[in-house]
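Report on the following structure.
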Amino acid sequence: MLQTHYQVTTTTTSAHLAQTMTLLSLTNTDLLQKVETELANNPALELVEEHRCPMCKRILPPNRICPVCSQPKNSERDEAIVFISPREDFYTYSGEYFDNEPEEQIIYEGIDLPTFVLRQIATELDPKDRIIVAYILTNLDEDGFLTINSLEIARFHHRLPSEIEALIKRLQRCEPIGVCSKNPREALKIQAEILSETVKLPKLTLEIIEKGLDLISHHHYAELAKQLNTNPNQIELAAKFITDNLNPFPARAYWGDVRNPTEIDNHVYHNPDILIYHLNDNPENPLVVEIILPIRGTLRVNPLFKQAFKTIEAEKAEEWKGDLEKATLLIKCIQQRSNALRLLMEKLVVMQKQFILNGEKSLRSITRAEIAKELSMHESTISRAVSGKAIQLPNKRIVPMAMFFDRSLAYRSLVKEIVEKEEMPLSDNEIQEILAQKGINIARRTVAKYRSMEGILPAHLR
DNA sequence: CTATGGCACGGATT
DNA sequence: AATCCGTGCCATAG
């Protein structure tokens, strides 16, 4: 008797642990998907009606007030406000909410990329074009690239290819700029064109995008310079402009090393899982850390199902019991995931506050193990929580959460700064000496590595 | 001869 | 156990 009881408890807890683990490592995009399939398949699970904060329109759990809007004005607290925020539109490219009344018959659940784009131009479109635009938008891949060509669309809708092209052109000018392009090159081109209407592009920018993307991504500036009959400096200038201002994957978050997009690993990250910003975007205000929960409303076990379960006949009871357990388990695990993320972020904002405010130079090198120790969690828990997640910083840059644990980033940006300020091209050895004067002792070989990681040419080519 | 990049090794981190 | 990272050694280009 005692033994069976023991058996049962251990199996349930280990299942519980296993699921918490897997949920923890999921990004919001994946979690959303998981929850949606569970909702569809499990009658015991229920999504209760949403409660919106009247101020900011965030969806809140029932009977809760919005932690951000309700924050007292006299908040003299130094620490950041960290909270879990159930939001449907976790595609927060600009952080804006759209309150327009829903457009005609095309209704999407929640806000995803297609909806996000559609709402920008729906009102100014000819009604007969809306269907086509919606059709185009449903054929985007995860990076916002078009997976079908304009001819197919034209044939499908009995329209002229040129009309379709024109529509696509208009779509490409929507946020995220360059969406609906065929490939990174086209996306870059659009972005460059739009930018050129307000700023002056470096010479050859368009030519490089057209012909030299491969070479640029491998830093073969000299070779490209030869092809285009110019000098490497010109190329480098343009390359810097491209990497600083343009994004080859418009619908994807900035990720790792933009310069070698081919090497971005298989997980595709688009949306920030966590937002960090100043309250009301005023730098005077305290930091707010918003851990986004991509669920529209609150998940709970359906009380009707629970009631019905008591009166059900024995043969179905087995199946129902399973559903019931699965539902409670999922809810618990999601709570645990949120909780772990919250604890982690509370520590992380304090430790990396300087980095969040002042940029890469001020990144403290901390390890996941240290945090794990402080929170008395297992290292692997932290690892899972960090891996694959994206964070939006106050400057609107979306970076991998792993960046908070990058040991060399601070040094790398120092190297970059030194090179930018140099009068004569400094050799790696000289850079190493400058760093040594600042109390940073790293090997010459390492300086070289950092330099190339930052995409900076060797001294004799500068 | 100097500056730099490739390779590989060992220790740290995950 | 697997992976990442800093570093030393050596070849090569300039």
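Reminder, nothing fancy here: chain letters follow the sequence lines and each chain counts from 1.
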Just checking [X]: base, sugar-phosphate only, or nothing, at a heavy-atom cut-off of under 4.0 Å?
{"X": "A:Ser408", "result": "sugar-phosphate"}
{"X": "A:Ile382", "result": "nothing"}
{"X": "A:Arg384", "result": "nothing"}

Do any side-chain nitrogens or oxygens of [X] fall under 4.0 Å of OP1 or OP2 in [N]?
{"X": "A:Arg444", "N": "C:dG6", "result": "no"}
{"X": "A:Arg368", "N": "B:dT14", "result": "yes"}
{"X": "A:Tyr411", "N": "C:dG6", "result": "no"}
{"X": "A:Thr446", "N": "C:dT7", "result": "yes"}

With heavy-atom distances below 4.5 Å as the criterion, would you say the side chains of A:Ile334 and A:Val35 are in contact? yes

Side chain to side chain, A:Glu360 and A:Lys416, heavy atoms closer than 4.5 Å: no

To the nearest angstrom, how far is [X] atom [atom1] from [N] atom [atom2]?
{"X": "A:Glu454", "N": "B:dT4", "atom1": "CD", "atom2": "C1'", "result": "18 Å"}
{"X": "A:Asp428", "N": "B:dG5", "atom1": "CG", "atom2": "P", "result": "7 Å"}
{"X": "A:Leu461", "N": "B:dA3", "atom1": "CG", "atom2": "C1'", "result": "11 Å"}
{"X": "A:His460", "N": "C:dT12", "atom1": "NE2", "atom2": "C1'", "result": "11 Å"}
{"X": "A:Phe405", "N": "C:dT3", "atom1": "CZ", "atom2": "P", "result": "21 Å"}
{"X": "A:Leu24", "N": "B:dT14", "atom1": "CG", "atom2": "C1'", "result": "14 Å"}
{"X": "A:Tyr450", "N": "C:dT7", "atom1": "OH", "atom2": "C1'", "result": "10 Å"}
{"X": "A:Leu426", "N": "B:dT2", "atom1": "CG", "atom2": "P", "result": "18 Å"}

Answer yes or no: are there more than 12 heavy-atom neighbours, outside A:Tyr411 itself, under 6.0 Å from its atom OH? no

Other residues, nucleotides and ligands only: do more than 12 of their heavy atoms fall within 6.0 Å of CD on A:Gln33? no

What's the closest nucleotide to the A:Lys449 side chain, out of B:dA8, B:dT14, B:dT4?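 Nearest to the side chain of A:Lys449 among the choices is B:dA8.
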
Nucleotide nearest A:Ser427 (side chain, heavy atoms from C-beta), chosen from C:dG8, B:dA3, B:dT13: B:dA3

Relative to each other, are the rings of A:Phe404 and A:Phe355 parallel, tilted or perpendicular (30° and 60° limits)?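 The arrangement is perpendicular - the two ring planes meet at more than 60°.
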
Do A:Arg407 side-chain and C:dG6 base share a donor-acceptor contact under 3.5 Å?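 Flag unset: no donor-acceptor pair detected.
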
